[in-house]
Amino acid sequence: GDIRGKFILTGSRGCGKSTVLTDREVRSINTKHPAFLTRFDGAGLFGTKDNAYFNKKVMEHYYEIVMTSKFLHYVKTYYPEVYASKLGAIAERMGRKTEELDNYINNAIYKDCSIDHKFFSGEALSEAISLFRNSVGAKSFTLMIDRFDWTHNSDPRVQEILKNYFS
């Protein structure tokens, strides 16, 4: 049937939430309703306050690159033929954007460097998901984020950014 809405698994630590999400991803491979599970680093990369180098726009760009790269890895793992035939150009672009971002994160404070075009949430990912869905004939696509509330030291700025990935 048609699956809509948002489900939030709650429960005490160690009760099996991650196991349920992993099972959902694995059982959905090659079905009309694939589900993609990811999680992000709990450690905070950007500190707790915006500054001239690391602000909401840079963080949104960072999470878009990471999310898209994680999605591409999912497709490469479970749908290698779709990855090879449809997603090569996006993967190459993400590789270049990752190098640019790494350079920025490591050097912006010390020397003049910038990011040519900062992605907004979903900008690159939506294209990748669209190509994927059309290639596999998926009716829906589910995104699952494990430990959502732990991301970036439970940073509300990051939760606001990641919220953009859900309708």
Side-chain angles (χ1 to χ4, degrees), residues 1-11 13-46 56 58-99 101-102 118-167:
D2 194 20
I3 304 167
R4 293 209 183 278
K6 218 178 288 185
F7 298 93
I8 299 173
L9 296 182
T10 64
R13 207 164 162 177
C15 74
K17 298 179 298 291
S18 298
T19 305
V20 169
L21 293 173
T22 302
D23 182 64
R24 167 82 176 89
E25 179 182 68
V26 170
R27 294 217 256 163
S28 76
I29 295 161
N30 294 318
T31 70
K32 293 285 180 195
H33 302 281
F36 160 57
L37 172 62
T38 193
R39 73 163 50 135
F40 296 95
D41 204 341
L45 179 65
F46 297 111
K56 180 132 192 241
V58 171
M59 289 168 65
E60 189 171 342
H61 176 71
Y62 168 84
Y63 280 99
E64 176 65 2
I65 287 175
V66 173
M67 182 75 87
T68 305
S69 298
K70 287 173 177 281
F71 173 70
L72 290 169
H73 178 75
Y74 160 86
V75 177
K76 188 176 188 176
T77 303
Y78 297 117
Y79 302 86
E81 64 296 329
V82 173
Y83 179 85
S85 66
K86 302 286 186 202
L87 297 174
I90 294 174
E92 274 182 39
R93 190 165 79 228
M94 283 302 110
R96 288 193 303 274
K97 294 303 277 182
T98 299
E99 284 177 23
L101 182 63
D102 285 347
K118 291 181 188 79
F119 289 132
F120 56 84
S121 298
E123 185 175 348
L125 183 65
S126 59
E127 183 188 352
I129 288 175
S130 181
L131 288 166
F132 167 76
R133 279 185 64 182
N134 291 336
S135 298
V136 301
K139 285 188 163 61
S140 71
F141 183 74
T142 299
L143 167 65
M144 302 178 293
I145 300 179
D146 196 8
R147 298 182 176 165
F148 180 91
D149 55 329
W150 292 18
T151 302
H152 202 274
N153 291 323
S154 302
D155 190 330
R157 296 173 304 165
V158 173
Q159 291 175 13
E160 279 298 313
I161 291 167
L162 294 179
K163 208 169 72 177
N164 294 329
Y165 292 100
F166 298 94
S167 52

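Residues: numbered from 1 along the sequence shown. We use all heavy atoms of the structure for the numbers below, so side chains are in, but hydrogens, waters and symmetry mates are not.
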For the backbone of [Y] and the side chain of [X], can you confirm whether one donor and one acceptor N or O come within less than 3.5 Å of each other?
X      : Y      : value
Thr77  : His73  : yes
Glu25  : Leu37  : yes
His152 : Leu45  : yes
Glu123 : Glu64  : no
Asp23  : Thr19  : no
Lys17  : Gly11  : yes
Arg133 : Lys139 : yes

Where [X] and [Y] come nearest, the two heavy atoms and their spacing:
X      : Y      : result
Ser121 : Tyr165 : CA-OH, 3.7 Å
Met144 : Arg24  : SD-CG, 3.5 Å
Asn164 : Glu60  : ND2-OE2, 4.2 Å
Asp149 : Ser154 : O-OG, 2.7 Å
His33  : Ser140 : ND1-OG, 2.5 Å
Phe166 : Leu143 : CE2-O, 3.5 Å

Just wondering, do [Y] and [X] contact through their side chains at under 4.5 Å, heavy atoms?
X     : Y      : result
Ser28 : Thr142 : no
Tyr78 : Asn30  : no
Tyr79 : Ser135 : no
Leu87 : Met94  : no
Lys97 : Thr68  : no

Calculate, to the nearest 0.5 Å, the distance between atoms [atom1] and [atom2] belonging to [X] and [Y] respectively.
X      : Y      : atom1 : atom2 : answer
Ser69  : Leu125 : OG    : CG    : 10.0 Å
Asn134 : Ile129 : CG    : CD1   : 12.0 Å
Ile65  : Leu101 : CD1   : CG    : 4.5 Å
Tyr83  : Leu131 : OH    : CG    : 13.0 Å
Arg147 : Thr151 : CZ    : OG1   : 10.0 Å

### Query
With sequence neighbours excluded, what pairs up with Phe36 under the ring-ring contact (aromatic ring centres under 6.0 Å, His included) test?
Phe71, Tyr74

### Any residue meeting side chain to side chain donor-acceptor pair (under 3.5 Å) with Glu160, in chain and number order, not counting sequence neighbours
Lys163

### Query
Do Tyr63 and Phe40 have ring centres separated by under 6.0 Å?
yes

### Message
Once side chain to side chain contact (heavy atoms under 4.5 Å, CB included) is applied, do any residues pair with Arg96, and if so which ones, sequence neighbours excluded?
### Response
Glu92, Arg93

### Within 6.0 Å of NZ in Lys86, more than 12 heavy atoms from elsewhere
no

